[in-house]
Each structure stands twice: as C-alpha cells, then as structure tokens.
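Here the structure is a predicted model, which is why all the values come from computation and not from measurement. By convention in this document, chain letters (A, B, ...) are assigned in the order of the sequence lines, proteins followed by strands, and residues within each chain are numbered from 1.
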2 protein chains.
Amino acid sequence: MALSDPMRLRIIRSMVNQQGCMSCTEAAPCPNMAKSTLSNHFRVLREAGLIHTEKRGVEHRNIVRLDDVEARFPGLLKTILAFSDTEDKERWRAPPP
Amino acid sequence: MALSDPMRLRIIRSMVNQQGCMSCTEAAPCPNMAKSTLSNHFRVLREAGLIHTEKRGVEHRNIVRLDDVEARFPGLLKTILAFSDTEDKERWRAPPP
DNA sequence: TCAATAGTTCCATAATATCGAACAATTGAA
DNA sequence: TTCAATTGTTCGATATTATGGAACTATTGA
C-alpha cells in the first residue's frame, strides 16, 4: 500500500498541510534524502492515485487528490494527519506491557 | 511501523471484530500462511505495544490493547477498521488520473 | 510415556527502500 | 545561440524486511 511507508506518509502530510501544490523537493521528508528515493516515492503515490503531478517549467508540481482519497478511504487522511510528524518516533514506541 | 503491514492490519482487524481473545492461528489473515511468518507478525505487534499476549495452555491468547492504541492514535483503529477486509484490493487500486 | 497441537527460532529467498551516478528536460544568463 | 544550473528520472548496487520451510520447545491428553 502506498500509505504504508512512513516517508510517503510524511510527504502526503507536507502537501496537505501546505494546502496546495508542492515540488518534489519541497515535499521531501528530510533534506538529505536522495533525489532518486524521493522520485520513487512520488511515482508510487502517483500510481496509487493519491496525488496528481503536473509539469510546470523545470519542476513538477504535486497536489494531493483530496476528494478521491476521501472517497476511497473516508476519514483516513484526517485521522492520520492528526498525529504530528515530529512526535512519530515517540508515539510508535511501545508502552510497558 | 507495526500497522504499516497489510497482513498485520488484517490480524488486528480479526481481533477487534472478534471482540476478545484469539489464538495466533485463529487470527491468521490466510489459512495457508506459514506459522513462522505469523509468529513474526505477532512479535512485531507485541513489541509495538498494540496487543497483549497471554499463554494459556498450549496456545497463546492475544487481545488488542484498545485503550492504549486509542490513547496513542486517536480514531485510527476505528477509521482503519471501517474499510472492509474483502474489498481492500479494489480499494487500493488507483482511480483514473 | 508418547503423540498431537501451538508457537518460536533459525536459515534462505523474494520484495522493497535507499543511495549514488549518469542521464534528460527546461530555464535563464552570457 | 550556447551553456551552466536546476529538477526529476533511470539504472545498478546494497540494506532492510516479509515470507516460507525445517527443526525445536512447551503443553495437553490419550
């Protein structure tokens, strides 16, 4: 699944929070991520129908297909995006059993 | 992340729908899944703090730690479980661009 | 005591994320 | 026009992870 990957989730999060188009570089989860890796994630997101990409000049403008995603996964984006990005590592650490 | 894997998601789904304890075999996503694979998924879920496992006789009884999960990921389980299992393949197929 | 059952552990294989290097396309400046 | 800079893509290699099979452990019941 396209949204299974933590990095792709962070990409989507960036784009939704921005409320508009972003270039691939702008939406990168971390500044030191390799261009090839980033490009691959955007390809997966595109092929999954989660984002739309439009070539504008030298860069690619990407936008989340909010309506389509909401239609297929009602409430999912809203729920996932409610978790702040910076706390993810903390959040995923297991509490004592 | 423990919930990133589709198989683990189906395991959790089984357990929540059952509203109680399930043995590892009972909660298996598919009947032909190898025992070792299943065991590994349960270990990941345990270590992530998503389920609690208790040895009872020859089998292990597992239960989803609903309160803990809800506290860490408000609304996540409810949202994810709203997607019926059998339609997942359809759902994850991309719509036309 | 012993066979059957339920999981675990270990090793090998397949799928996927990641990175670096080379490449293509577009823009803007010399 | 020509060329350097910018933005992504493609390709090959490596690391991580899911999967399956075989051997093992623990527990139950005959």
Is there a side-chain contact between [X] and the phosphate of [N], meaning an N or O under 4.0 Å from OP1 or OP2?
X	N	value
Arg56(B)	dG7(C)	no
Ser39(A)	dG8(D)	no
His60(A)	dA25(C)	no
Ser23(B)	dG7(C)	yes
Arg43(A)	dT16(C)	no

Could you tell me the separation between the [atom1] atom of [X] and the [atom2] atom of [Y], rounded to the nearest 0.5 Å?
X	Y	atom1	atom2	value
Leu45(A)	Ile51(A)	CG	CD1	5.0 Å
Met33(A)	Ser39(A)	CE	OG	11.5 Å
Ser23(B)	Arg61(B)	OG	CZ	6.0 Å
Cys21(A)	Glu54(A)	SG	CD	7.0 Å

query: Is it true that the side chains of Ser4(B) and Ser4(A) contain a donor and an acceptor less than 3.5 Å apart?
result: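 No pair is found: no donor N or O on one side chain lies under 3.5 Å from an acceptor on the other.
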Angle by which the axis turns from one end of the helix from dT1(C)-dA30(D) to dA30(C)-dT1(D) to the other, five pairs per end, to 10 degrees: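 Nearest ten degrees gives 10° for this helix.
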- prompt: Is there a donor-acceptor pair closer than 3.5 Å between any side-chain N or O of Arg8(B) and the backbone N or O of Leu3(B)?
  reply: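 Here the side-chain-to-backbone pair does not exist.
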query: Hey, does the side chain of Asn62(B) reach the backbone of Thr53(B) with a donor-acceptor pair shorter than 3.5 angstrom?
result: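 Checked: no pair found.
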message: Side chains of His41(B) and Arg43(B), heavy atoms from C-beta outward: is any pair under 4.5 Å?
response: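 Not in contact.
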Nearest-Å distance, [atom1] ([X]) to [atom2] ([N])?
X	N	atom1	atom2	answer
Leu45(A)	dT9(D)	CG	P	12 Å
Glu59(B)	dT8(C)	CD	P	12 Å
Glu54(B)	dG7(C)	CD	C1'	16 Å
Glu47(B)	dT9(C)	CD	C1'	14 Å
Arg61(B)	dT5(C)	CZ	P	17 Å

task: Treat primed atoms plus P, OP1 and OP2 as sugar-phosphate and everything else as base, then score nucleotides 16-26 of chain D 5' to 3': B for base contact with protein heavy atoms under 4.0 Å, S for sugar-phosphate contact only, - for none.
output: --SBBBB---B
- prompt: Would Arg65(B) and Glu70(B) pass as an ion pair if we require N to O under 4.0 Å?
  reply: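 Result for this pair is no, no salt bridge flagged.
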